[in-house]
Structures are given as C-alpha cells and as structure tokens.
Enquirer: 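Dropping a structure here in structure tokens format, bear with me for questions.
Just so you know, ligand 1 is whichever comes first in the structure, and atom 1 is the first atom listed for that ligand. Residues: numbered from 1 along the sequence shown.
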Amino acid sequence: MIHNTDFLLRSLNLRKEDIVDYVLDLNNNFCLITLAQIHHTCPYCHSSCRSKGYYTKSCHISMDVITTLIVKLRIKRLMCTKCHKTFASHTPVFPRQSKLSFHTIYKIMHLLKQPNETFASVGNIVGIPESTVIRIFDRYCSSSPVIFPSVICIDEFYTKNNDYHSKYACIFYDFLNRKIIDILPDRKKTYLMQYLSKIDSRILDTVEYISIDMYKPYLDISKHFFRHAKVAVDAFHVIQQLQQCIYGIRNRILKHYLPNTHEYYLLKQWHSLLIERNEFLFTLPGKYNKRFKMILNRQQLLDKLLNIHTDLRGAYTVYHLYMDFNQYNY
Ligand SMILES: [Zn+2]
C-alpha cells in the first residue's frame with residue numbers, strides 16, 4: 001500500500017504535505033485525494049482569503065500496463081476577503097488552466113517519441129481527441145531555432161485554440177520567399193515578447209523590413225526586438241483605413257442634407273464611386289438618371305458627388321494617389 005501511495009504521489013507531482021487526506025480503492029481503481037491549500041493571498045489584490053469549499057477535478061494515472069487509476073482531486077476554492085474574487089488554490093498536479101495533468105502530458109510526449117505512434121493513436125491510448133494531442137505536442141516540443149529573413153510579415157488568423165485564451169494565432173511570414181517562418185498560438189504582447197526574447201538578437205538584427213497590420217503589439221515588439229528594421233503597415237490595412245476615413249467623411253457630410261436633396265441622393269446612392277478603381281470611368285456610356293432627368297455616366301455622377309464638399313474631394317484624391325502608388329510601383 002505504501003509503495004502504491006508513493007508511486008501515486010510521484011505520478012501526480014505531489015508531496016505528502018500537499019495532501020490533507022486520501023482514499024485509495026485499488027479494487028475499483030479509484031482514488032479520492034483532498035489537496036491542501038497552497039495559495040494564501042489573493043492573486044488580484046494580495047489580501048487574505050477565506051475558504052469557499054472544494055471543487056473536484058479528475059485525471060487518470062497508469063499504475064501498470066493494464067491498470068488505469070481514476071483520481072479525483074478535491075481542490076480548495078478560495079475567496080478574497082477584500083475584493084471578493086474567487087479562485088482555485090494552485091495545484092502542482094495540473095499546469096495552469098489545463099485540464100490535463102502533468103502526468104498525462106508527460107505520457108503523451110513519451111508515447112509520441114515512439115516511431116510507430118501517430119497523433120491519432122496516442123489520442124486513442126490516452127482517451128483524448130487527436131487535436132488535443134497535436135496542441136500538447138506544439139506546446140511542449142521545442143523545435144529547431146527559427147531563422148528570420150530580411151523581409152518579414154507579421155499577421156494573425158482566427159483559431160479555436162483554448163489553451164492560450166487567445167482567439168487569434170500569430171504568423172511570421174517570409175515576404176520574399178513566400179514561406180511561413182513560424183506560427184504561434186497567441187498574438188498577445190506578453191507571449192510574443194516571451195517568444196522573441198528566446199531568439200538570438202544577432203538573428204533578429206538581420207531583419208530589415210517588417211510588414212504588419214495596425215495591431216499595436218506588433219509595432220511594439222517590432223521596435224523592441226528588430227532594432228535595425230523599418231516597420232511598414234501592409235497595403236491591405238492602409239486601404240481599409242483610407243476607405244473607413246472616406247466613408248466617415250461621407251457620413252459626416254450626409255447629416256447636413258435632407259433626404260429630398262440631390263446631395264443626399266448622391267451621397268446615399270453613389271458613394272461607391274468614391275473608391276471605384278476604373279481608369280476608363282469617363283468613357284463609359286451614360287444612362288438616363290431619373291433624379292437629374294438627364295443622361296449621366298458614372299464619371300459625371302462622381303464629379304457631382306465630389307463637388308458637394310472639398311473634404312470629400314480631398315479624401316478621394318489621397319485615396320486614389322495611394323492606390324496609384326501601389327498599382328504602378330513608383
Ligand atoms: Zn483580492
């Protein structure tokens with residue numbers, strides 16, 4: 001029995017003083033452990049805490065090749081006496097915000113070393129989905145050092161990865177060779193700083209240009225870690241921003257006109273002409289316009305639209321200057 005208990009505690013990453021009480025039922029492969037309270041102060045305001053009972057978390061421990069023990073852990077729930085926030089007592093059994101114990105994670109990583117095992121087969125052995133095995137592998141397997149080229153892009157994409165509480169994964173991209181450099185599960189500044197601080201600064205110093213969207217942490221980390229690089233906002237986001245500005249100006253001007261006016265009609269019905277890219281606009285044939293009771297082509301309608309306000313003409317000019325600059329690659 002003592003041997004079993006020692007093995008169990010070792011597997012759970014626990015010391016004897018970490019537990020208050022335990023019940024081990026080997027006939028039913030079941031164990032109930034009550035954990036001692038470890039956190040004594042509030043993690044938010046560092047005030048004292050009081051107990052708010054226990055909650056239960058389960059994990060599986062392989063005792064031998066065929067026996068798996070179901071372990072239920074009773075973990076203290078605490079409440080701050082000052083800010084009244086509740087939180088769980090820290091436990092060495094699980095990594096923070098993880099449902100899988102260190103024991104299970106170690107088992108997964110150990111199994112993945114076997115050449116005949118796949119993500120799916122390990123998932124079957126441990127009893128978890130293949131996607132979770134892949135996430136564990138990505139998180140705990142250290143890969144070869146990353147090499148950064150001279151021009152990189154930093155961007156994000158939506159992901160359902162729950163491990164990092166981030167809706168977006170971050171991608172580093174080699175702009176000239178069109179290759180992915182690395183994909184990170186989190187795009188938050190603290191995570192990116194942690195990641196980049198592990199890379200040799202001599203590698204980061206070789207980067208000359210960085211293209212980002214307008215997400216501020218990308219700018220912050222670029223300035224901090226890529227000391228010799230020039231940072232640029234990518235064209236897609238510049239265009240998006242310019243279009244938003246044009247429509248903002250159009251909406252502001254629209255408020256000054258009543259719905260029965262020509263100006264209101266043009267701003268409401270023909271605003272898409274402001275961002276239309278068509279160098280042959282003026283050569284297009286006209287159509288009879290009921291509002292103006294005459295034949296008008298799109299260029300003539302655009303001219304009427306731009307004559308409404310100088311701000312609109314100014315915004316239109318800036319937008320198309322930028323679009324020309326991109327298109328013709330001066
Ligand atoms: Zn507190």
Side-chain angles (χ1 to χ4, degrees), residues 5 8-24 30-61 70-106 108-109 128-129 131-132 135-136 138-140 142 156 158-170 184-198 214-225:
T5 310
L8 183 63
L9 290 181
R10 253 202 331 276
S11 300
L12 289 168
N13 199 24
L14 288 170
R15 298 161 303 168
K16 281 202 173 78
E17 54 267 37
D18 292 332
I19 64 171
V20 176
D21 185 24
Y22 77 96
V23 180
L24 182 59
F30 176 78
C31 181
L32 179 69
I33 299 175
T34 304
L35 293 178
Q37 176 181 324
I38 296 177
H39 267 306
H40 292 284
T41 56
C42 169
Y44 305 100
C45 71
H46 307 292
S47 303
S48 59
C49 302
R50 66 178 176 79
S51 170
K52 209 170 176 291
Y54 286 92
Y55 75 101
T56 311
K57 213 169 170 180
S58 304
C59 64
H60 293 184
I61 298 290
I70 299 166
V71 181
K72 280 200 184 296
L73 293 144
R74 295 180 74 229
I75 303 166
K76 250 263 151 84
R77 192 144 193 87
L78 302 165
M79 184 194 248
C80 174
T81 50
K82 195 175 173 191
C83 71
H84 302 293
K85 284 184 176 158
T86 56
F87 53 93
S89 173
H90 176 65
T91 149
V93 182
F94 304 90
R96 273 187 196 281
Q97 294 166 339
S98 168
K99 286 178 184 166
L100 296 176
S101 65
F102 281 115
H103 174 82
T104 309
I105 292 166
Y106 177 79
I108 291 167
M109 296 305 282
I128 56 171
S131 56
T132 308
R135 275 219 301 277
I136 294 292
D138 286 344
R139 188 171 181 177
Y140 292 96
S142 53
E156 68 274 315
Y158 181 74
T159 169
K160 283 185 178 175
N161 189 343
N162 297 323
D163 286 1
Y164 291 84
H165 293 268
S166 176
K167 283 183 187 169
Y168 294 93
C170 177
L184 311 177
D186 193 341
R187 66 161 186 169
K188 286 198 276 295
K189 189 174 169 180
T190 42
Y191 185 88
L192 297 176
M193 290 191 75
Q194 237 173 38
Y195 167 79
L196 289 168
S197 60
K198 288 177 192 160
M214 295 192 185
Y215 184 55
K216 177 96 175 8
Y218 293 160
L219 179 65
D220 295 342
I221 57 143
S222 299
K223 283 184 173 172
H224 188 86
F225 289 98

Enquirer: Among the protein atoms near the Zn ion (ligand 1), how many are N, O or S and lie under 2.8 Å away?
Expert: 4
Enquirer: Checking side-chain contact (heavy atoms from CB on, under 4.5 Å) for the pair Asn13/His103: CA distance, chi angles, key distance, verdict?
Expert: CA-CA 8 Å; Asn13 199 24; His103 174 82; over 6 Å; no
Enquirer: What pair of heavy atoms forms the shortest contact from Ala36 to Val20, and how long is it?
Expert: CA-CG2, 3.5 Å
Enquirer: For Ser89 and Ile75, which heavy atoms make the closest approach, and how far apart are they?
Expert: O-CG2, 3.6 Å
Enquirer: Going by side chain to side chain contact (heavy atoms under 4.5 Å, CB included), Ile19 matches just one of Leu12, Leu14, Leu8. Which one?
Expert: Leu14
Enquirer: Distance check, rounded to the nearest 0.5 Å: Leu35 atom CG versus Tyr54 atom OH?
Expert: 8.5 Å
Enquirer: For Phe102 and Pro92, work out which heavy atoms get closest and say how close.
Expert: CD1-O, 3.1 Å
